[in-house]
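Everything below concerns the one structure shown next.
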Protein chains: 2
Amino acid sequence: MSLTNASPEQAARAAKASSRRLATLPTAARNAALDAVHDALSDARESILAANAKDLELAKKSAADGQLSPSILKRLDLGRKGKYDDMLKGIQDVKGLEDPDTLLMSSVGRVDLRTELDDGLILQRQSCPIGVLLIIFEARPEVIANIASLAIKSANAAILKGGKESTESFKAIATVISKALDKTDVPNDSIQLVTTRDAVDPLLELSQYIDLVIPRGSNDLVRHCQRKAHMPVMGHADGLCSMYIHSNADKAMAKNVIVDSKCDYPAACNALETLLVHEDVLESVLPDVASALIAQGVALRCDEQSRTVLSKHLPQDQAVLLQNASDADYDTEFLDLILAIRTIKSTPQTPFSSVDAAIDHINTHGSHHTDGILTASQEVADRFYSAVDSACKFWNCSTRFCDGMRFGFGTEVGISTNKVHARGPVGLEGLMIHEYRLSGNGQGAAMYGGANGRQYKHRKLSV
Amino acid sequence: MSLTNASPEQAARAAKASSRRLATLPTAARNAALDAVHDALSDARESILAANAKDLELAKKSAADGQLSPSILKRLDLGRKGKYDDMLKGIQDVKGLEDPDTLLMSSVGRVDLRTELDDGLILQRQSCPIGVLLIIFEARPEVIANIASLAIKSANAAILKGGKESTESFKAIATVISKALDKTDVPNDSIQLVTTRDAVDPLLELSQYIDLVIPRGSNDLVRHCQRKAHMPVMGHADGLCSMYIHSNADKAMAKNVIVDSKCDYPAACNALETLLVHEDVLESVLPDVASALIAQGVALRCDEQSRTVLSKHLPQDQAVLLQNASDADYDTEFLDLILAIRTIKSTPQTPFSSVDAAIDHINTHGSHHTDGILTASQEVADRFYSAVDSACKFWNCSTRFCDGMRFGFGTEVGISTNKVHARGPVGLEGLMIHEYRLSGNGQGAAMYGGANGRQYKHRKLSV
C-alpha cells in the first residue's frame, strides 16, 4: 500500500501486477493479514480519531456555510458511539467468512464443475478472484477498512479512492493498514491508495488494469461511474421500490408491511416509494394503511380515485393532509416520508389482468431493485414473481429485508441492479469469477471427431 | 418477429416489453416453439437457399473486386455440404439442453439457495433470463437460427442485427422463423430483426432496453462493440494463446500438443501464437517440436538464443526457413501458420523463477484467453494455474480444447475473456442471471435487532 502521490495509471498498473501474486497466497496467509490489519487499527484508535477530528472540523465549517449536507457530516464522524468498534468487528467478520454452508463461494478456488472430457483429460471449473477492484467512496472513512478486508479475503487487489471530505481520516487509516501489511505475505501493492485530486475519471478509463468498479456513495457518484467507466460497474443509482396490494390482501398484514417498508428507514434504497392499490380494496384496506402512514408523518400523494375514497374514510385531521400525485411522483425516489399512491383497475373478467397492470407499472416506473406484493393467493404471487423485472421480488413482507446481512451473506459489497454477474444484495461471492483448468497427458484436438476419430466421453465427476 | 423497418429504438422497446411475457412461459411452450422453428426451416430449405444464392452472387462479385475476403465468402455459403442440416440439428440440440446433470443451469428457474431468514420468512435465489440480448453478426446466416433458438430456450428476448453481406439470407430465414412463431405461445416481438443500415451504434446506446450485447464476427466488430456499448458485452476481441515448455516437459508430448495447438485450425481464436521454451530444453526438446512444425508449413519467428540452437540442430533445409522475431511478434495474434518463439532463462537457484518468468510474459503479452504449460511437475503446473490471469489454463494438452462443445456444454454462445459474469467458453448458462424471491406472512424489518428484537435464524434449507 502506497501513500505516495502515485498517478492513477501507476497505481492501477502496480495493483494489476500484484493481483496475480495475491491470487497464489493460501487462505491462512490472507487471514493472517486480516488479523494484522485488525490489531494495528485497534492499536491506532487515538491517532486515527485525531485525524478524523480534523476532517470533521473542516466539514463542520462547510456545513455551516451550507456547502455540505448535515448527513455527510454524520457519516464522516468515526468517533460516534460504537462506530470504531463496528469497523474493527467488520474485519473479523470478513475473516470469518469461510464456512461453505453459510456462503456459497466463500474461499478462493471452490470447484463447481469437473468433467472427464476423455480418459485422462480432466476439466475443472473453479472460483477465482476477479483481479483488480476500483472502489470509490465518499464520506464514510470506515469503508476503507471494510473494503480492504474484503479485497484481501477474496484475493483481489484494490485501488481505493476516497472523497475529499475524509482525506485526513483516509490517510491515517491507510498508513496504519499499510504498515500492518508490510509484516504479512500480502503484497504491499495489492492495496493502492489514490489521493490525487480529480483522479476518478482517469481511473475509470483504465480497463486494461481495472476489472470492476464499486462506487460506494451517492446516486450521483454511481451514475457518474456508470456513464464514464470502461469496465463493469457494480451497483445501482436508484432504489424506486413499489408495493402492490392485491384484491385479496390481508388488511393487518398490509398495514404492518407497508408501514415498515416506508418508515423503518426512509432514506434507504430499499424503502418504499410507490404504493399500488387494487380498486376493490380502496375502501376496505387502504384507509387503515393510510391512517397508519399519516400517523408516522408520511405525506401521501394520491391519484384521484384513491384520494376520493380516502377523503371519505379518513378522519378529518388526516384527510386534510392528503396531496394530489403528479405524473413525476411515480418516477421519483423520495428517500423521505413521502409515498405516491396509484389505483389499479379491477378487471374481473381475466384472472391476472389486475396484477399484470401492477407489474407493468413496476417494470416501467421502477428501478428493478426490490418490489413487493400483498396477496393471499400463491398463483397471483407466482405471476408477480415471474413477470416483475427486478433483482428482488417480495411477497407479504417488507422491502426493507433486501440487504446482505439480513439475507445471511455475512457482509455486503453492495446491492446490484445489473443484469449480469451479480444481482441483488452482493456478498463476497460477487467479487469472484471462475476459471477453467484442463489437464491431460498429451492430447490434441485433431484426434477427435470424424469417422475414425475418438469420441468425447464427457463423464461428470464429483466436485 | 418483425421484418418491417423498425427503428433500433422501436425494436428494442418491443423486445423489452415482450421479454417479461416470455419469462412467464413454461419450458414446454418454449420447446414447442423450437420444434415449430425447426420444422418450418426444414420445409423452407429451397427458398432459403435461393435467397442465400443471391447473397453469394453479390459477394462473389465483391470478392472478385477484392472488396471481400474469400473466407467471408465461404462462411456465407449456406449450401455447403451438411451446413443446412447442421443448422437444423443445432435447433434440436438447443431444445435438448435440459438435463441438469449435463449442464449446471439449463432451465429457467433452477434454485441454488434457500434460506429461512426467520420462521416463515423464506428466501430463495433462482436463475432467470437476463432479459434482452442484442446479437450482432456478420456473414454467417445460420447464426440467426442458432441465436434465435438459444434466446427462446433461455427465455430471453433477442434483437438480431445481421451484416449487409447476408441480407437476403437473413430476411428469408427470419420470415420463416417469424411465421413459425406466430403459431406458438412465444410472443412474436421477443425476436426482433433490425435491417436498418447503420443501426449498430444507436443500438449500443439503448441500455434502458438492452441488457447484454453478443457480437459474433470479426475482432473489429467485437472491439467496436466493447468501445461503444453502454451495456455489458460478452466476448473477446483477441485470442493470443501461449504455451510454455518447462525444463522437465516430455518431448513426445510437447511435440503432439504444440503441433495440434498451432496447426489444427490456425485461424481459430484458441490456436497457439507464442511458444515459450525453458533454456534447459532448447537443445533436447525444441528441435523436434520445431521440425514437426516446419514440416506442417509453420514459419518460426525466433529470439536469438532459440534461433542459434535450432540452426545447429535442424536439418539445413529447415534451418534456412527460420526467421528472427521482432518485439511486435510477441504481441501478435497471427491467425496463420506463424509462431513466435521466446527463450525463458534458466534460474536454478529458486524453484519457481523460470515458470514465473513465463507467467509474467503471458500475463503481459497474452489476451487472457487460453494458455498452456508442458511439465511433468504438479507443483509447477499448480503455480502456473494459480498465477496465470487467463480464462483457461491448460496443462499437457492442446489449447484447441477451449471450446463449448469440447467442454461438454452442448452449445456455445461464445468465448468470453470478461472478468465478470461469464468467462471462458459460455454455454446457455451465460444467458442467465439470478433473482431473489422472499415470501413471508407480514414481517417487517423493524421487528429485528436491538435489545428486545427478534434475531434472524438464517437456517439453510435444501434446494
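Order of the sequence lines sets the chain letters (A, B, ...), proteins ahead of strands, with each chain counted from 1. Keep in mind the model is a prediction, meaning the values are calculated, not measured.
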**OP:** Heavy atoms only, distances under 4.5 angstrom: which of B:L121, B:L438, B:N396 has the most pairs with chain A? Name it, please.
**Re:** B:L438
**OP:** Step through the shown structure and confirm whether more than 12 heavy atoms of other residues, nucleotides or ligands are within 6.0 Å of CD on B:E379.
**Re:** no
**OP:** With a 4.5 Å cut-off on heavy-atom pairs, point out which of B:H230, B:R406, B:E435 contacts chain A the most.
**Re:** B:R406
**OP:** Sort B:D250 into side chain, backbone, both or neither according to what part of it lies under 4.5 angstrom from a heavy atom of chain A.
**Re:** neither
Subject >> Criterion side-chain contact (heavy atoms from CB on, under 4.5 Å) on A:K419 and B:S207, from CA distance to verdict >> reply: CA-CA 11 Å; A:K419 297 298 281 286; B:S207 60; over 6 Å; no
Original post:
Within the side chain of A:H434, is there an N or O that forms a donor-acceptor pair under 3.5 Å with the backbone of B:A391?
Top reply: no
Subject >> Part of A:A422 within contact of chain B (heavy atom distance under 4.5 Å) >> reply: backbone
Original post:
How far apart are the C-alpha atoms of B:Y385 and A:S439, what are their side-chain angles, what is the distance that settles it, and do they pass the side-chain contact (heavy atoms from CB on, under 4.5 Å) test?
Top reply: CA-CA 10 Å; B:Y385 274 151; A:S439 68; 3.4 Å; yes
**OP:** Please work out whether the ring planes of A:F401 and B:Y448 are parallel, tilted or perpendicular, with thresholds of 30° and 60°.
**Re:** perpendicular
Original post:
Within a strict 4.5 Å, meaning less than it, do heavy atoms of the B:P232 and A:H421 side chains meet?
Top reply: no
Subject >> Main-chain N/O of A:A446 paired with B:Y265 side-chain donor or acceptor, under 3.5 Å >> reply: no
Subject >> Region of A:V259 that comes under 4.5 Å of a non-hydrogen atom in chain B >> reply: neither
Subject >> B:L113 vs A:F409, side-chain contact (heavy atoms from CB on, under 4.5 Å): CA-CA, chis, key distance, verdict >> reply: CA-CA 11 Å; B:L113 179 82; A:F409 297 164; 3.9 Å; yes
**OP:** Determine the option with the most heavy-atom pairs under 4.5 angstrom with chain A, choosing from B:M253, B:K255, B:R423.
**Re:** B:R423
**OP:** Would you check, one step at a time, whether the test side-chain contact (heavy atoms from CB on, under 4.5 Å) holds for B:R437 with A:W395?
**Re:** CA-CA 8 Å; B:R437 298 179 174 194; A:W395 176 24; over 6 Å; no
Original post:
chain A: which of B:S398, B:G372, B:A387, B:G424 shares the most heavy-atom pairs with it under 4.5 Å?
Top reply: B:A387
Original post:
If we only count heavy atoms from C-beta on, is the A:V420 to B:M234 side-chain gap below 4.5 Å?
Top reply: no
Original post:
Which pair of heavy atoms, one from A:D260 and one from B:A445, lies closest together, and at what distance?
Top reply: OD2-N, 2.7 Å
**OP:** Among B:D360, B:D356, B:D389, find the residue that satisfies the side-chain hydrogen bond (donor to acceptor under 3.5 Å, both in side chains) test when tested with A:R20.
**Re:** B:D389
Original post:
Based on non-hydrogen pairs under 4.5 Å, which of A:D118, A:V257, A:T364, A:L123 is most in contact with chain B?
Top reply: A:L123
Subject >> Contact winner vs chain B - A:T24, A:T115, A:L22, A:N256, heavy-atom pairs under 4.5 Å >> reply: A:T24
Subject >> Interface moiety of B:K16 toward chain A, non-hydrogen atoms closer than 4.5 Å >> reply: side chain
